[in-house]
Amino acid sequence: TPQRFPDNFVFGGATAAYQVEGACQTHGKGKVAWDDYLAQQGRFSPEPACDFYNRYDSDLELCERFGMNGIRVSIAWSRIFPNGGVGEPNPEGIAFYHNLFASCRARGVEPYVTLHHFDSPAALYANGDFLNRDTIDAFEAYARFCFDEYPEVTRWFTFNEIAAATLNRYVEGTWPQGKKGCLHECLQAQHNMMLAHARAVLAYKQGGYPGTIGVIHALEYKYPYDPACPGDVQAAKNDDVLQNRLLLDATFRGDYAPDTLQIIDHLCQASNGSVEFLDDDLSIMRRAAQLNDCLGINYYQSRFLKAFDGETDLHHNGTGDKGTGRWRVAGVGERAVRPGVPTTDWDWIIYPKGLFDLMMDISLCYPNYKQLFITENGMGRKDQLVDGTVDDSERIAYVEDHLRWILKAIECGVDVGGYFMWSLQDQFSWTNGYNKRYGFFYVDFETQQRTPKASAYWFKRVAQTKRL
Ligand code: BGP
């Protein structure tokens with residue numbers, strides 16, 4: 001394994017507009033589906049999160065001080081177009097992101113900008129979101145607007161985690177107006193979002209903008225629980241198509257391999273529905289598939305699948321009560337944990353080698369991938385501030401183990417451009433609220449004071465020396 005990361009390797013922290021900014025319904029911002037949903041639930045509020053809307057400059061100063069040369073941020077679509085999709089733009093929202101990017105430049109921290117991080121404007125979301133083709137048109141128009149408006153950005157990603165956006169909404173039911181077990185809608189929405197991605201990529205390339213563009217997928221390696229059991233092997237393949245393979249095929253082939261299509265058919269039958277992939281759409285996607293400059297991988301865990309033929313039975317552990325999560329989906333399988341494999345309090349499986357296996361799989365199956373970024377990786381913890389510091393050595397070990405596997409992939413010839421830990425500072429978590437902390441910087445949500453955790457000091461040394 002090489003001892004050092006490449007000289008131009010990016011070390012940074014990740015954020016998402018809705019999870020950090022606050023100012024959700026002020027300064028001209030339009031609603032997103034989460035606003036009413038969270039208010040009705042009454043469990044926790046996205047307001048003011050970590051008040052990034054007002055504190056971005058001091059957070060970027062922290063990035064600079066802690067040796068980071070990159071940051072992931074997202075643009076809130078409804079801050080730019082409050083009325084849903086397109087229409088009259090909001091000058092205050094537009095100016096906010098110019099100021100944010102200027103602050104990034106001033107601190108020497110390269111912004112990696114995502115156009116859509118789970119926050120479709122409410123009106124579009126209510127009308128079917130990406131199952132409605134009007135949303136695809138609106139997304140392309142919004143993307144074109146941003147490419148023109150923000151020439152200071154040269155690192156674009158279209159979507160963050162299409163898998164999470166569709167699985168949580170149509171299969172697991174943990175997101176606004178969520179449904180359970182509706183596999184065909186999940187797959188159709190994935191395809192439609194990949195078409196929207198492809199159209200944005202073509203617009204970017206046809207526009208001749210001097211930068212890079214890609215998409216970010218939440219990938220999990222799907223292992224059979226028992227590789228000798230054919231039912232487990234099949235369950236792993238099903239879950240792979242549901243979460244990874246449709247999206248990777250769409251990204252790098254622009255259509256679906258026969259094996260992928262076969263499982264898509266099986267999943268649709270299991271939920272008594274169908275999907276439609278139009279030839280014209282596939283030809284757009286095939287053209288775009290050769291033009292992606294990079295792929296962002298968000299990696300937290302992998303899965304061990306068992307055969308399962310009962311009714312769908314799910315419980316989302318959104319409280320940190322270890323051992324309460326269940327994931328059994330009719331037509332797919334059951335996610336289990338192999339003995340001896342550690343998990344977090346939210347039942348996320350800690351399995352760093354899965355990231356290596358994924359990177360190798362991508363470089364073999366999709367040799368046109370060009371470059372990978374690890375755009376999220378990190379550990380949710382119930383961090384405690386004790387005597388002005390946070391001992392998160394567990395998180396350090398988690399990140400270090402993943403970085404070691406990234407070095408190994410680089411040694412095997414995989415092109416990896418950078419690593420962003422989720423998250424830069426403690427933030428609002430969609431279905432877990434505020435006690436699941438991920439940041440380098442501890443946030444006291446009452447006072448908004450930031451305190452660097454042990455991991456921040458550790459990461460600074462790694463970023464500066466490019467060594468573990
Ligand atoms: C990813 C998302 C992030 C973030 C992270 C942690 O799926 O891109 O937005 O939330 O996961 O997830 P959670 O907050 O559910 O623990």
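Order of listing sets the numbers, starting from 1, for every ligand and every atom in it.
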Check: [X]/[Y] side-chain N/O donor and acceptor closer than 3.5 Å:
X: Thr158; Y: His197; value: yes
X: Thr114; Y: Asn160; value: no
X: Glu161; Y: Asn298; value: yes

Determine, step by step, whether Asp345 and Asn317 satisfy the side chain to side chain contact (heavy atoms under 4.5 Å, CB included) criterion, reporting the C-alpha distance in whole Å, the side-chain angles of both residues, the deciding distance to 0.1 Å, and the verdict.
CA-CA 9 Å; Asp345 286 342; Asn317 172 1; over 6 Å; no
[X]: numbered ligand 1 atoms lying under 4.0 Å from its heavy atoms:
X: Asn160; result: 8 (O)
X: Lys436; result: 13 (P), 16 (O)
X: Asn432; result: 13 (P), 14 (O), 15 (O), 16 (O)
X: Trp430; result: 9 (O), 10 (O)
X: His117; result: 2 (C), 3 (C), 8 (O), 9 (O)

Can you find an N or O of Trp348 that's nearer than 3.5 Å to an N or O of ligand 1?
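So ligand 1 has no N or O lying under 3.5 Å from an N or O of Trp348.
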From the candidates [options], the one that places a heavy atom nearest [atom]:
atom: atom 14 (O) of ligand 1; options: Ser429, Gly433, Ser74, Gly378; value: Ser429
atom: atom 16 (O) of ligand 1; options: Phe428, Tyr438, Trp346; value: Tyr438
atom: atom 11 (O) of ligand 1; options: Glu376, Arg72, Gln19; value: Glu376

Relative to the ring of Phe145, is the ring of Phe81 parallel (under 30°), tilted (30 to 60°) or perpendicular (over 60°)?
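Rings of Phe81 and Phe145: perpendicular, over 60°.
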Give me the ring orientation class for Phe101 and Tyr150: parallel if the planes are under 30° apart, tilted from 30 to 60°, perpendicular past 60°.
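Phe101 vs Tyr150 ring planes: perpendicular.
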Around atom NZ of Lys436, are there more than 12 heavy atoms of other residues, nucleotides or ligands at under 6.0 Å?
yes
Identity and separation of the nearest protein heavy atom to atom 5 (C) of ligand 1:
Tyr300 OH, 3.3 Å
Atom 7 (O) of ligand 1 - nearest protein heavy atom and its distance
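Looking only at protein heavy atoms, the one closest to atom 7 (O) of ligand 1 is Glu161 OE1, 2.4 Å.
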Inspect the contact between Asp239 and Arg335 and indicate whether a charged nitrogen and a carboxylate oxygen are less than 4.0 angstrom apart.
yes
